[in-house]
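Here is the naming used below: chain letters follow the sequence lines, and residue numbers restart at 1 for every chain.
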Amino acid sequence: MSRYNFQDIEKKWQKYWEDNKSFKTVINKKKKKFYCLEMFPYPSGKIHMGHVRNYTIGDVLARYKGLLGFNVLHPMGWDAFGMPAENAARDNNLDPKVWTNTNINTMKNQLKKLGLSIDWDREISTCSEEYYKHQQTFFLELLEKKLVYRKENYVNWDPVDQTVLANEQVIDGKGWRSGAVVERKKLNQWFFNISKFSQELLDGLDKLDKWPNKVKTMQKNWIGKSFGCEIEFKVKGDLPVDNIKCFTTRPDTLFGFSFLAVSVDHPISNYFKDNKEFLKFKEECSKTGTTEEAIAVGDKIGFKTNLEAINPLDTSQKVPVYFANFVLMDYGFGAVFGCPGHDQRDFDFAKKYKLQIKTVVRPYDKDENFKVSNEAYAGPGIIINSKFLNGYEAPTNSVIETIKVLEEKNLGKKKINFRLKDWGVSRQRYWGCPIPVAYDDKGQVHAIPKSMLPVKLPEKINLKVKGNPLDSQKNWKEVIIDGKKLIRETDTLDTFVCSSWYYLRFCSPNENNHGFKKEDIDYWMPVDQYIGGVEHAILHLLYSRFFMRAINYENNNFNITEPFQSLFTQGMVCHETYKDEKNNWLSPDEIEKIDNQFFVKGKLDKPVKVGPSESMSKSKKNVIDPEFIIKNYGADSVRLFILSDSPPEKDVQWSEQGMISSYKFIQKLWSLHKEIKIKISNENKEKQNNEIDKFTNQIISKITINLEKFNYNVIIANMYESYNFLIDFIKKNKNLNNLEENYKKILVCFSPVIPHFANECLVDLGFKENIDWPKYDKKLLDEEKVNIVIQINGKKREIIQIKKDANEKEILTIIKNNDKIQNFIKNKDVVKKVFVPNKILNYIIK
RNA sequence: GGGGCGAUGGCGGAAUUGGUAGACGCGUUGGUCUUAGGAACCAAUAUGGCAACAUGUGAAGGUUCGAGUCCUUUUCGCCCUACCA
């Protein structure tokens with residue numbers, strides 16, 4: 001029998017889809033739309049297994065929705081600006097544009113080989129002028145709306161990448177890409193006023209009921225709303241400072257006040273610019289770093305000033321003012337009031353500097369003599385030792401009451417504080433979207449007129465200069481606007497700006513005058529299903545949510561605020577890791593397994609250390625190249641395998657064995673197909689066997705439900721079940737007249753996962769009509785006969801088969817003749833019988 | 001420190017949401033056929049036991065006729081986040 005030739009067949013179908021533009025979509029108001037979007041890739045060179053998994057999941061959904069009759073928008077594009085291109089170009093004397101476009105071509109071909117149902121006519125690339133000119137327009141619009149502004153600010157400076165990073169891009173004090181320890185630098189930067197929408201972005205989360213809670217929680221924490229009040233502490237001492245403002249969530253512990261601490265970057269530090277001791281202290285603080293360990297073990301250290309702060313609720317109390325390493329300038333006002341009794345950090349600090357520790361809250365189970373001793377008490381309780389606050393429940397009523405009193409006396413006011421900071425978007429790099437502004441000799445900002453957009457990146461430039469290559473482009477920098485000579489902004493936009501609106505562009509990819517057309521957005525948006533990695537839980541997803549609000553702000557472009565209605569975050573693809581004796585990483589094809597032992601390939605004297613399975617990464621060499629796999633096993637086999645072993649939201653372990661078995665399954669399906677075809681073509685069809693009707697109905701129902709629930713691994717099991725049933729069925733039966741229609745329905749169910757194979761088989765059977773997703777009949781799902789479990793005291797003892805909806809009496813008649821059950825109940829008192837129709841009959845005996 | 005998720009055979013994982021635990025695949029074992037097989041096919045496969053049967057979803061308790069599923073306590077593992085005032 002001829003083997004299934006996946007090379008030819010997959011090529012044939014891919015060509016067919018391309019030639020016929022099978023996945024081209026246009027607005028059709030008679031049909032319900034479905035916008036299926038996977039996070040677009042960065043064109044790094046080749047696709048990796050993570051892409052294969054991501055896009056297979058999306059493709060299964062897109063194809064399924066298409067078969068259901070939806071008008072499916074399933075586009076693909078390229079997140080094409082960014083540093084890897086610039087670095088690669090610099091190191092190899094290339095043009096970043098050429099490098100990027102070469103990669104795009106390679107990866108596009110690879111994606112096509114996966115058989116994805118993409119509308120390639122909508123392909124976009126963020127580094128193209130057609131894309132970024134609209135982005136520049138948005139920037140200017142936001143500038144007009146005052147949602148973009150420029151300020152001098154401390155920034156996170158990545159010394160390796162020579163650029164500024166957003167707060168979100170600093171992980172453990174290191175650059176998210178380079179891993180270099182981030183430095184602090186003061187620079188003029190452009191900011192998006194994302195914090196203006198803090199509350200809205202928080203509230204919006206509640207409506208996203210089809211987002212994973214995990215992601216919503218992460219965003220919630222990132223936005224970090226806290227309720228409290230700001231208090232102005234009067235200060236006295238040798239400096240011209242009258243007061244210091246603090247934010248606190250626990251004003252109710254004010255009577256436990258024993259010091260005031262400010263950040264080393266607090267404005268009052270200006271008075272210590274020449275103080276050597278202070279500078280030494282500041283240096284010390286920066287050394288402590290922000291790594292996990294440093295924070296956990298990190299000592300609380302302080303630098304005492306000669307200032308004294310006065311307790312607003314008890315003006316007779318004066319406490320020292322310190323600079324302290326644990327106070328951050330960019331949260332609240334960069335100053336905290338210390339209450340050692342009820343805050344662990346303050347407690348540690350007070351111990352170290354021998355400051356007073358007052359107890360002002362007692363736990364419910366302790367009396368008024370309760371004293372904080374070994375650690376701070378931060379739990380709930382009753383206020384004590386606090387004059388008018390005594391007896392209030394803390395931290396609920398007590399906080400409200402304190403704020404009321406402070407407001408009455410004009411000493412403070414209620415405040416809601418957010419942790420979310422404005423989004424710094426300036427990057428000192430070449431390969432990004434130019435910021436469309438220029439400056440006059442006084443440093444005033446001038447928007448580039450819209451008629452002069454896009455501000456194009458200069459070509460053929462020297463990337464080897466230190467710092468931003470655009471800075472050294474004299475000709476490019478100079479621009480004349482309204483007869484005035486101005487100097488262009490040389491910073492480019494963070495690439496996260498590009499990905500904040502690409503989903504809108506997909507709706508109108510060829511619209512020349514605007515980023516998108518209202519008509520298109522009204523039809524296609526929001527994205528019905530967004531699929532991607534959880535690593536974008538905060539950055540990209542929060543920025544996109546902000547961007548929708550920003551372009552709607554003040555001129556309601558459309559009434560959609562949330563871009564992604566439903567979000568699915570898929571797990572990573574993992575593989576075992578290998579190291580040789582010298583601890584060098586080895587790739588899977590450099591090793592060989594003999595009798596359960598691993599060796600360097602061809603070298604039995606060189607054992608290999610097998611490490612844990614980790615997500616595939618080039619640095620650990622535990623990667624499998626999708627191109628190689630597709631070439632050897634075919635796209636359908638890879639799609640099948642990548643879905644089969646784990647639920648899509650969890651990590652999956654790559655296994656050569658599993659890959660091979662998926663390949664074999666396709667081969668087995670092919671020989672099954674050949675056999676079925678022979679049976680079908682046999683002319684002497686007589687009878688009907690409704691066993692297959694029932695099975696088909698059941699499996700359609702299972703696969704449909706599992707598709708809806710993203711249980712894609714179970715769908716693969718359902719496919720195996722179908723195979724097992726059919727192979728068994730055709731062995732037992734000869735010429736049936738209902739085999740063909742049932743088999744075709746099953747093939748349609750297979751088609752989202754293995755589209756080339758399923759289409760080939762359907763056409764092989766002469767299928768010409770439009771393919772629709774098969775319907776199932778709920779009534780047919782119920783068997784005429786059901787299994788009833790007979791339990792004795794809740795334990796399964798026997799299973800009997802009986803017609804559906806049989807009543808208790810009918811079952812008892814059968815049991816009467818069942819020796820096993822009779823043995824159990826004879827000579828026993830049957831205390832009770834629990835009967836659940838079509839399920840169980842439980843005897844409770846004594 | 002804070003938050004979240006999870007724990008089911010040798011392994012990956014199913015389980016209609018309180019009603020036959022272990023679907024499906026991998027692996028393993030035995031067999032058939034083959035020059036051979038790392039191919040194909042057939043059979044077995046939670047554990048103990050010849051068997052009837054007993055035990056069994058991290059551990060302990062509880063609710064219930066009945067618990068992988070609900071409640072309480074607890075252990076372990078993973079992920080995120082962090083001097084956030």
Checking B:C84, B:A23, B:G19 against the side chain of A:Val836 (C-beta onward), the nearest is B:G19
(request) Give one of base, sugar-phosphate or nothing for A:Lys415, where a contact means two heavy atoms less than 4.0 Å apart. (result) nothing
Check: So, is A:Ser646 close to the B:G13 phosphate, meaning a side-chain N or O under 4.0 Å from OP1 or OP2?
Finding: yes
Whole-Å distance, A:Asn711 CG to B:U16 C1', equals 12 Å
Do the side chains of A:Lys601 and A:Glu592 get close enough for a salt bridge, i.e. N-O under 4.0 angstrom?
no
For salt bridge (Lys or Arg N to Asp or Glu O under 4.0 Å), just list the numbers for A:Lys702 and A:Glu721, CA-CA rounded to whole Å, side-chain angles, deciding distance to a tenth of an Å, and then say yes or no.
CA-CA 11 Å; A:Lys702 280 191 191 173; A:Glu721 273 177 66; 2.9 Å; yes
Between CG of A:Asn713 and P of B:C11 the distance, given in whole Å, is 18 Å
*Quote, to the nearest angstrom, the C1' distance that separates B:U20 from B:C41.*
31 Å
Determine the Euclidean distance between corresponding P atoms of B:U55 and B:C5; express it in Å to zero decimal places. 34 Å
Rounded to whole Å, the CD1-C1' distance (A:Ile223 to B:G3) equals 15 Å
To the nearest angstrom, the NZ-C1' distance between A:Lys668 and B:C26 comes to 12 Å
Name the nucleic acid region contacted by A:Ile844, choosing base, sugar-phosphate or nothing; use a 4.0 angstrom heavy-atom cut-off, strictly under.
sugar-phosphate
Tell me whether A:Asp265 is salt-bridged to A:Lys282, with the criterion being a basic N under 4.0 Å from an acidic carboxylate O. yes
_OP1 or OP2 of B:G6 under 4.0 Å from side-chain N/O of A:Lys214_ = no
Plane angle bin for A:Tyr322 and A:Tyr353 - parallel if under 30°, tilted between 30 and 60°, otherwise perpendicular: tilted
Output yes when A:Asp348 and A:Lys352 qualify as a salt bridge under the 4.0 Å nitrogen-oxygen rule, no when they do not.
no
Separation of the P atoms in B:G62 and B:C80, to the nearest angstrom
39 Å
Inset, instruction - Would you indicate, yes or no, if B:U81 has its OP1 or OP2 atom less than 4.0 angstrom from a side-chain nitrogen or oxygen of A:Arg419? - result: no
B:G27 and B:G12: how far apart are their P atoms, nearest whole angstrom? 15 Å
query: Reckon A:Gln791 touches a base, only the sugar-phosphate, or nothing at all at heavy-atom distances under 4.0 Å?
result: base
Of B:C83, B:C65, B:A14, the nucleotide closest to the side chain of A:Asn842 is B:C65
Of the listed B:G19, B:C83, B:U20, the closest approach to the A:Asn787 side chain comes from B:U20
Rounded to whole Å, NZ of A:Lys709 lies from C1' of B:G13 at a distance of 15 Å
(Q) Below the 4.0 Å mark, does B:G25 have OP1 or OP2 next to a side-chain nitrogen or oxygen of A:Asn724? (A) yes
Whole-Å distance, A:Glu535 CD to B:U81 P, equals 12 Å
### Query
For B:G27, does either OP1 or OP2 sit under 4.0 Å from a side-chain N or O belonging to A:Gln657?
yes
When A:Lys702 and A:Asn213 are each assigned the nearest nucleotide of RNA chain B, the 5'-most assignment goes to A:Asn213
message: For a quick check of understanding: with a heavy-atom distance under 4.0 Å over all strands, which category does A:Lys833 fall into, base, sugar-phosphate or nothing?
response: nothing
*Give a yes or no on whether the backbone of A:Gln791 and the side-chain of A:Arg797 come within a donor-acceptor separation of less than 3.5 Å.*
no
- Which part of the nucleic acid, if any, lies within contact of A:Asp346, taking any heavy atom under 4.0 Å across all strands shown: a base, the sugar-phosphate backbone alone, or nothing? nothing
Q | Sugar-phosphate only, base, or nothing, as touched by A:Val327 at under 4.0 Å among non-hydrogen atoms | A | base
Item to complete: Would you check if the side chain of A:Asp346 reaches a backbone N or O of A:Cys339 as a donor-acceptor pair within less than 3.5 Å?
Response: yes
Exercise for review: Could you measure between the two P atoms, the one in B:G10 and the one in B:G49, and give it in whole Å?
Suggested key: 15 Å
Mate of B:G61 across any strand shown (Watson-Crick or G-U wobble, both atom pairs under 3.5 Å) is B:C71
note: A:Gln653, atom CD; B:G10, atom P; distance rounded to Å ~ 18 Å
Margin query: Over all strands shown, is A:Tyr720 touching base, sugar-phosphate only, or nothing at heavy-atom distances under 4.0 angstrom?
Written below: sugar-phosphate
(Q) Within the 4.0 Å heavy-atom criterion, would you say A:Thr217 contacts the bases, only the backbone, or no part of the nucleic acid? (A) sugar-phosphate
Discussion item. Measuring only the P atom in each nucleotide, how far is B:U28 from B:C11? A whole number of Å is fine.
Written reply: 15 Å
Under 4.0 Å between a side-chain N or O of A:Lys839 and OP1 or OP2 of B:G18? no
By nearest-heavy-atom nucleotide on RNA chain B, the more 5' of A:Phe326 and A:Ile799 is A:Ile799
Look at the side-chain N and O atoms of A:Arg345 and state whether any lies under 4.0 Å from the OP1 or OP2 oxygen of B:C84. yes
- Query: When rounded to the nearest Å, what value does the distance between P atoms of B:C24 and B:G56 take?
  - Reply: 25 Å
If only side-chain N and O atoms of A:Lys220 are considered, is one of them under 4.0 Å from the OP1 or OP2 phosphate oxygen of B:C80? no
- Message: Before we go on, tell me: are the rings of A:Phe757 and A:Phe6 under 6.0 Å apart, centre to centre?
- Response: no
Span that lies between the P atom of B:C50 and that of B:G38, in whole angstrom = 32 Å
Taken to the nearest whole Å, CD/A:Glu798 to P/B:G19 is 21 Å
